[in-house]
Amino acid sequence: MAKLLQAPPKFLPPEWHIANKTQYASAESQRSRSERLVAESQRLVDEIEKTTQKTQSDVNKKIEQRLDEIKFWKQELDDKLEQVVNETEVLLTFKTRLEKALESCKEPLFIAQECLLNRRVGIDLVHDEVERELIKEVEVLQGVMALLERTLEQTNEQIRLNRSAKYNLEMDLKDKFTALTIDNYCSNLTNNTPDIRYARNVVKVEGNSVSPEDWVDFSNVNVEKADKQRNNSLALRALIDRILSQTASDMHKQCETVNIAFKNRVKETKDAKNKLEIHLAKVMDEITSQEKNIAALKKAIIDKEGPAKVAHTRLETRTHRPNVELCRDMVQYRLISEVQEITNNIQRLMDTLAQAEVELKGLSRRQLSLEEEIQVKENTLYIDEVLCMQMRESISINNF
């Protein structure tokens with residue numbers, strides 16, 4: 001208790017002065033460090049502010065550059081998409097032309113085949129110029145149809161490729177539009193924008209992200225594919241034009257050749273028919289003449305019966321002469337000669353009559369043959385001139 005009430009220690013004046021000076025020095029040192037820290041802090045704040053502004057400005061610039069890049073490629077894609085769409089629409093019209101051309105070949109082919117099936121009978125069923133040209137026409141039409149079908153398949157495939165390129169462009173454009181919308185939004189953000197916020201786990205590179213080179217290559221590939229398909233489509237349209245023009249020309253040329261062959265054959269058949277009719281008329285006249293000749297020969301034979309009977313009666317009667325009057329006189333010999341002469345003449349007339357009847361039968365057969373042949377020619381003319389040529393009038397081969 002006595003220690004507790006002991007007086008505090010006393011310091012000497014020098015100690016007091018040293019203590020004060022120590023406090024002064026510590027305070028000055030602390031203040032100096034604080035002043036330096038304040039100055040350093042201000043400098044750091046200013047530096048960071050400038051760095052932040054510079055970085056943000058650079059980011060804004062990069063975003064603007066990125067927006068320009070996206071807009072450039074979006075415009076490129078838009079242009080290519082428009083070109084591909086337009087080209088596909090035009091190619092579709094060419095496809096329609098091919099389909100119409102293919103359809104228009106069916107009727108001429110059917111008519112040509114019908115003409116081959118229906119042509120003629122008998123001796124007129126001949127492998128003539130008309131038949132050769134009809135066979136050639138069928139071959140031409142079948143070849144044209146096969147070529148058009150192959151070209152139509154090629155056109156359908158090109159349309160599919162165009163639409164595939166169009167789909168790729170549309171998907172790329174859709175992504176470009178989304179990216180443009182996002183980067184436009186980012187470009188418009190400022191430090192005072194109300195909805196800015198901290199986000200978690202964003203300071204990283206996404207694993208599925210691509211490099212700028214890959215990004216450019218992706219769109220460039222789509223553009224190049226679109227260009228390639230468009231150029232292929234242009235080349236195909238030029239090919240279709242040539243094919244349609246050439247096939248129409250070939251079909252028209254062959255059709256005209258067949259028509260000319262038909263006209264020539266019809267003229268030839270008419271000439272043959274006219275000649276047959278002339279010969280038939282002559283044969284008919286000859287039949288009439290031969291019938292008259294046969295009638296005259298029969299009359300002549302009948303007319304010889306009287307003289308023959310007279311001669312026979314005289315000879316028979318003279319056999320009744322009595323005794324020596326039964327003489328072989330000149331009358332007897334002349335009567336015998338007369339009977340022989342008449343008998344011989346009758347036989348000659350009968351032989352001639354037989355020949356005339358044979359000739360009449362031959363003329364009758366020739367008449368029937370000529371009439372049948374004329375009927376064949378009439379049938380040929382009906383088939384060629386009425387059926388075939390009238391059917392062929394409906395064939396219309398214009399430029400497809």
Practice problem: Find out if a path of hydrophobic residues (ILVMFWY) with successive side-chain heavy-atom gaps under 4.5 Å connects L141 to I135. | Solution: yes
Quiz item: Do S29 and R33 have side-chain N/O donor and acceptor atoms under 3.5 Å apart?
Solution: yes
Practice problem: For the residue pair S337 and R334, confirm or rule out a side-chain donor-acceptor distance under 3.5 Å. | Solution: yes
Practice problem: Scan residues 349-359 for pairs that pass salt bridge (Lys or Arg N to Asp or Glu O under 4.0 Å), counting only residues two or more places apart or in two chains. | Solution: none
Practice problem: Test N232 against Q229 for side-chain contact (heavy atoms from CB on, under 4.5 Å), laying out the working first. | Solution: CA-CA 5 Å; N232 290 345; Q229 297 310 327; 3.8 Å; yes
Self-check item: Donor-acceptor side-chain pairing of N162 and Q158 below 3.5 angstrom
Solution: yes
Self-check item: Pairs touching residues 67-78 that satisfy side chain to side chain donor-acceptor pair (under 3.5 Å), sequence neighbours left out
Solution: R66-E69, K74-D78, Q75-D79
Quiz item: In chain order, what residues pass the side chain to side chain donor-acceptor pair (under 3.5 Å) check against R31, with sequence neighbours excluded?
Solution: E28, E35
Self-check item: Pairs flagged by side chain to side chain donor-acceptor pair (under 3.5 Å) wherever residues 217-227 is involved - sequence neighbours left out
Solution: K80-D227, D172-S219, D172-N222, K176-S219, N220-E224
Quiz item: Does a donor on one side chain and an acceptor on the other come within less than 3.5 Å for E133 and T257?
Solution: no
Quiz prompt | ILVMFWY cluster membership beyond M330 - transitive side-chain contacts under 4.5 angstrom | solution = none
Exercise. List for me each residue that meets side-chain contact (heavy atoms from CB on, under 4.5 Å) alongside R365, sequence neighbours excluded, and say none if there are none.
Key: K361
Practice problem: Would you mind checking if R392 and E137 are paired as a salt bridge, meaning a charged N to carboxylate O distance below 4.0 Å? | Solution: yes
